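Since we're looking at a predicted model, the values are computed, not measured.
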Amino acid sequence: MQEIIATGTQRHHETLLQVLKSYYQLTKPRIILLLLITTASGLWVAAHGEVDPLLVLVTMAGGALAAASANTINCLYDRDIDYIMERTRHRPLPSGRVQPRDALIFAIALAVTSFTLLTVFANLLAALLAMSGIVFYVAIYTHLLKRHSTQNIVIGGAAGAIPPLVGWAAVTGDLSWAPWVMFAIIFLWTPPHFWALAMMIRDDYAAVNVPMLPVIKGDEETARQIWYYTLLLLPLTLGLTYPLHTSGMVYAALAVFLGAIFAKKAWELLQAPTDRDKARSLFKYSILYLMLLSAGMVVDSLPVTHQVTTAIGQNVQVLISATGVM
């Protein structure tokens, strides 16, 4: 592949702060924030709301470093198409602010640090799961699927679903059904989330021959697939309450409320699939949805939540009994 620096657009840093900013941008920090929130859900639910602060710090740091490594390699691999698309042309690699060799060294250092932290302070399973996220995102999604299949984001979405597995494994050292349900929730959430974005920037993907679903099948089929995945996602979110009984009614109530809004927005997009504003609305809400759903798992797991819900339940039973006597 022809190096981007041959285009004559190479830039140079003038200060150390600019260097740090460029490497920071390589890691796609906004994506990492959402991954850390889902990691926290696995941590707190596995620990029944009572987590070791050091374990939280290490697991979050290790997860962030692993995600940063994967994102950096993704930027490295996609620097050719990033240069073509206007919205990504000014990223550190296509703009020439960071050289490919330096980005690769940076990514390797991040991965090694992540693996070491998680192995030493958490456990080997958590470390291996974090590394599997890097491998899946880079080898399966970025290399094999992204430029070759309309199912790229469906299968590749598994990489983004690994963080709650890492959080759960860091606490327990194993994986039960509950973390796999968390994995499945994010796996089914990813297509509606990402296809809504792809509908907004379909022309960019078409310009670089990336076969995102809206490019190949059109907006109507994409909106239909978003609706189908939404219908699969919403009942699955309740699986943590029943039959697993891992989360309680606080989480279940929030899941129903958030899911109803998600379904409404997906339905509105299905009725007007060419409306970019509706696609944007669904995309933005999908981020908030996953953040709040994960936060709901954390809040529901807290001992104080259990105490409050138990007290409310007992008072309701007393009231029912009293009413029955009267």
Side-chain angles (χ1 to χ4, degrees), residues 22-43 55 57-82 88 91-93 98-149 151-170 173 175 179-180 182-184 186-187 189-190 193-194 210 290:
S22 290
Y23 280 92
Y24 177 71
Q25 290 172 341
L26 278 178
T27 67
K28 300 182 180 179
R30 287 184 295 180
I31 296 177
I32 292 177
L33 175 60
L34 189 57
L35 296 176
L36 290 181
I37 292 173
T38 60
T39 303
S41 67
L43 272 166
L55 183 61
L57 178 63
V58 169
T59 305
M60 291 296 200
L65 291 170
S69 175
N71 289 336
T72 299
I73 298 174
N74 175 262
C75 287
L76 179 62
Y77 191 90
D78 281 346
R79 65 190 186 277
D80 57 337
I81 62 176
D82 279 350
T88 58
R91 286 177 175 175
L93 281 162
V98 175
Q99 296 306 302
R101 182 199 62 183
D102 298 332
L104 180 60
I105 294 172
F106 179 57
I108 293 172
L110 291 171
V112 170
T113 305
S114 170
F115 184 82
T116 303
L117 272 176
L118 290 171
T119 302
V120 173
F121 295 100
N123 54 64
L124 181 59
L125 178 59
L128 290 175
L129 285 168
M131 294 305 102
S132 72
I134 298 176
V135 172
F136 201 97
Y137 186 66
V138 172
I140 305 300
Y141 170 67
T142 303
H143 178 66
L144 292 179
L145 295 174
K146 183 175 181 179
R147 306 191 191 195
H148 303 99
S149 172
Q151 295 300 300
N152 45 21
I153 199 60
V154 177
I155 301 172
I162 289 177
L165 300 183
V166 175
W168 188 283
L175 294 174
W180 286 113
M182 295 179 188
F183 173 95
I186 301 173
F187 183 79
W189 165 87
T190 302
H193 163 72
F194 203 94
V210 173
L290 190 59

Exercise. Report the C-alpha separation of Thr39 and Met60 in whole Å, then their side-chain angles, then the decisive distance to 0.1 Å, and conclude whether the side-chain contact (heavy atoms from CB on, under 4.5 Å) test is met.
Key: CA-CA 7 Å; Thr39 303; Met60 291 296 200; 4.3 Å; yes
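- Here Phe121 contributes atom CZ and Leu57 contributes atom CG; the two are 9.5 Å apart, rounded to the nearest 0.5 Å.
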Practice problem: Take Tyr77 and Leu93 through the test side-chain contact (heavy atoms from CB on, under 4.5 Å) and record every step on the way to the result. | Solution: CA-CA 10 Å; Tyr77 191 90; Leu93 281 162; over 6 Å; no
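- From Leu125, atom CG reaches atom CG of Leu118 across 10.5 Å, with rounding to the nearest 0.5 Å.
- Between Phe187 and Gly157 the shortest heavy-atom distance is CD1-C, 4.2 Å.
- Contact check for Met182 versus Trp168: side-chain heavy atoms found under the 4.5 Å cut-off.
- The line from CG of Leu290 to CH2 of Trp189 is 5.0 Å long, rounded to the nearest 0.5 Å.
- At least one donor-acceptor pair closer than 3.5 Å links the side chain of Thr116 to the backbone N or O of Val112.
- Residues Tyr23 and Asp102 have side chains in contact (heavy-atom distance under 4.5 Å, counting atoms from C-beta outward).
- In terms of modelled atom types and a separation under 3.5 Å, the side chain of Ser114 and the main chain of Leu110 share no donor-acceptor contact.
- Atom CG of residue Leu175 and atom CZ of residue Phe183 lie 10.5 Å apart, to the nearest 0.5 angstrom.
- Between Ala107 and Ser69, the shortest heavy-atom distance links the atoms O-OG, 2.8 Å.
- For the pair Thr142 and Phe136, the minimum side-chain heavy-atom distance is 4.5 Å or more.
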Practice problem: Take Asp80 and Arg147 through the salt bridge (charged side-chain N to carboxylate O under 4.0 Å, His left out) test and state the conclusion after the steps. | Solution: CA-CA 12 Å; Asp80 57 337; Arg147 306 191 191 195; 2.9 Å; yes
Practice problem: Show the numbers, then the answer: is there a side-chain contact (heavy atoms from CB on, under 4.5 Å) between Thr27 and Phe106? | Solution: CA-CA 10 Å; Thr27 67; Phe106 179 57; 3.8 Å; yes
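- You'll find the side chain of Asn74 reaches within 4.5 Å of the side chain of Lys28, heavy atoms only.
- For the atom pair Gln99 CD and Ile105 CD1, the distance stands at 11.5 Å (nearest 0.5 Å).
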Quiz item: Could you walk me through whether Leu65 and Phe115 pass the side-chain contact (heavy atoms from CB on, under 4.5 Å) check?
Solution: CA-CA 9 Å; Leu65 291 170; Phe115 184 82; over 6 Å; no
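- Under a 3.5 Å cut-off, the side chain of Ser149 and the backbone N or O of Leu145 do not form any donor-acceptor pair.
- Considering only heavy atoms from C-beta on, Tyr141 comes within 4.5 Å of Asn152 through its side chain.
- From Ile73, atom CD1 reaches atom CD1 of Ile134 across 6.5 Å, with rounding to the nearest 0.5 Å.
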